[in-house]
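One structure below.
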Number of protein chains: 2
Amino acid sequence: MKYIESVKNPKVKAWKKLLTKKERDKSAQYLIEGFHLVEEALKEQVVLEVIVNQEMEMPASFKIEGTDVTYVKEEVMKAICDTETPQGIAAVCEQRTIAIEEIKLDKLLLLDRVQDPGNLGTMIRTADAAGMDAVILGEGCADPYNPKVIRATQGSLFHLPIIKAPLAEFIDKLTIPVYGTALENGIPFEQVEKAEAFALLLGNEGQGVAKELLAKTTKNLYIPIYGKSESLNVGIAAGILMYYLRK
Amino acid sequence: MKYIESVKNPKVKAWKKLLTKKERDKSAQYLIEGFHLVEEALKEQVVLEVIVNQEMEMPASFKIEGTDVTYVKEEVMKAICDTETPQGIAAVCEQRTIAIEEIKLDKLLLLDRVQDPGNLGTMIRTADAAGMDAVILGEGCADPYNPKVIRATQGSLFHLPIIKAPLAEFIDKLTIPVYGTALENGIPFEQVEKAEAFALLLGNEGQGVAKELLAKTTKNLYIPIYGKSESLNVGIAAGILMYYLRK
């Protein structure tokens, strides 16, 4: 049984580094926390090793046989986790690279510079629920392997491909209708017909979708505001549109 | 000109106390931060006094004439604000009590024990955008005057009545259709006809709507999950349903 007691152990330092984007990018690994996420990650076979608080009683239903497990002191768990009260289980996972050629491209969510981790995570979760085939992240989006994003996805990170790609070139190659979202020069979303294949493009929290991208879409949509608010949260807008557009 | 330098000034202590629910309930006051919110609150005439960081240059467009203004040192502003980098302006506002008899009751959002401040604030913002007439908060909801809720509403807190009421009795008195939300024993939302008057009921993040309330509704709806996620975020579900149901 592997056991680590000290937060100064080099292994612990290496795990802790995965809390930074730089290290995640370099190693192509990331950390996840909590039973639900570790369970989902094990199912998807992306787990490299599991880290368990030695004081924690493992639920009988939880299977980690055949996995590389290290038991640690509570302090170690706290040091490597992003949450204030970690559940007592974490895992190092590998980032999988999925080639665009390998995926079904019928229903896509394209995101341009979505920066808030909570928004990005929630949109990945909603895209999963709405049956989208993949989420395409343009440059300037939050890192999908950021712990806050992972938490907000509630496991959906493992359910559909999340692919980084330059959006302008990506849109140029698409043959399905691409719907941008914009407050100006758009049409109300309910004027668009529901379809079995479409790409929906949403943008930055403050600035929306870049003009260069809006110029490349089939149509640009807006969600009418019936009250006095100025706009909708981008995650809410994505939810309304994904569920409206799908046939 | 009123000026406060010390964080130990009794006035500062009183403002700071408004960061607690207990004091907000007792005083029927609350604190807001930032230009956008203060501007909206001034329009709605709920501002009792404005607090300004003396080092801040006030934008020329910003009008606070006729308002009770106190200038403070930056440390004071930091002490009374919930954000880490306050914008330099805050205000004490009064909680307005709105009698249910006074409001239009055509389109209502009813919330049962929604506890996350971000979710509650976002739902108020979306209810405003979707043209709802009021948001009714049952017992166990987050405090709508919590700074995190206010921030997430982006000013919508001032745009439509937010009323606390026991939901069971409230629903009993309604004559419009009431749609609950549930994963079991419900119908897919798209089977319901759009309407000019309806009440939509959403519930707690983990437990959903209480069974006693679901038993009182006209119909209970669910949003189909087409992918592998287990559920939608409650704020996203609210957005999809409010925009779907309205005629």
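The sequence lines fix the lettering, A, B, ..., with proteins before strands; numbering per chain opens at 1.
- When heavy atoms are compared at a cutoff of 4.5 Å, A:Phe189 approaches chain B solely by way of its side chain, counted from C-beta outward.
- Contacts with chain A were tallied for B:Ala152, B:Ala129, B:Gly118, B:Ala127; B:Ala129 has the most, counting heavy-atom pairs under 4.5 Å.
- Among the candidates B:Arg246, B:Glu40, B:Gln154, the residue making the largest number of heavy-atom pairs closer than 4.5 Å to chain A is B:Arg246.
- Between B:Tyr179 and B:Phe198, the ring planes lie tilted relative to each other; the angle falls in the 30° to 60° range.
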Donor-acceptor pairs under 3.5 angstrom involving side-chain atoms of residues 228-239 of chain B: please list them, not counting sequence neighbours.
unit_1: B:Ser231; atom_1: OG; unit_2: A:Arg125; atom_2: NH2; d: 2.9
unit_1: B:Asn233; atom_1: OD1; unit_2: B:Gly235; atom_2: N; d: 2.6
unit_1: B:Asn233; atom_1: OD1; unit_2: B:Ile236; atom_2: N; d: 3.1
unit_1: B:Asn233; atom_1: ND2; unit_2: B:Asn119; atom_2: OD1; d: 3.2

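- When every heavy atom of A:Val209 is checked against every heavy atom of A:Gly203, the shortest pair comes out as CG2-N, 3.4 Å.
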### Query
Could you go step by step and tell me if A:Asp82 and A:Arg151 meet the side chain to side chain contact (heavy atoms under 4.5 Å, CB included) rule?
CA-CA 10 Å; A:Asp82 184 59; A:Arg151 223 158 31 241; 3.3 Å; yes
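- For a residue to count as touching a neighbouring chain, one of its non-hydrogen atoms must lie under 4.5 Å from one of that chain's; by this rule B:Ser156 touches chain A with the side chain only.
- Between chain B and the options A:Asp128, A:Ile225, A:Ile240, heavy-atom pairs under 4.5 Å are most frequent for A:Asp128.
- Looking only at heavy-atom pairs under 4.5 Å with chain B, the residue among A:His159, A:Met242, A:Met132 that has the most is A:His159.
- Side chain of B:Glu33 to backbone of B:Pro86: no donor-acceptor contact under 3.5 angstrom is found.
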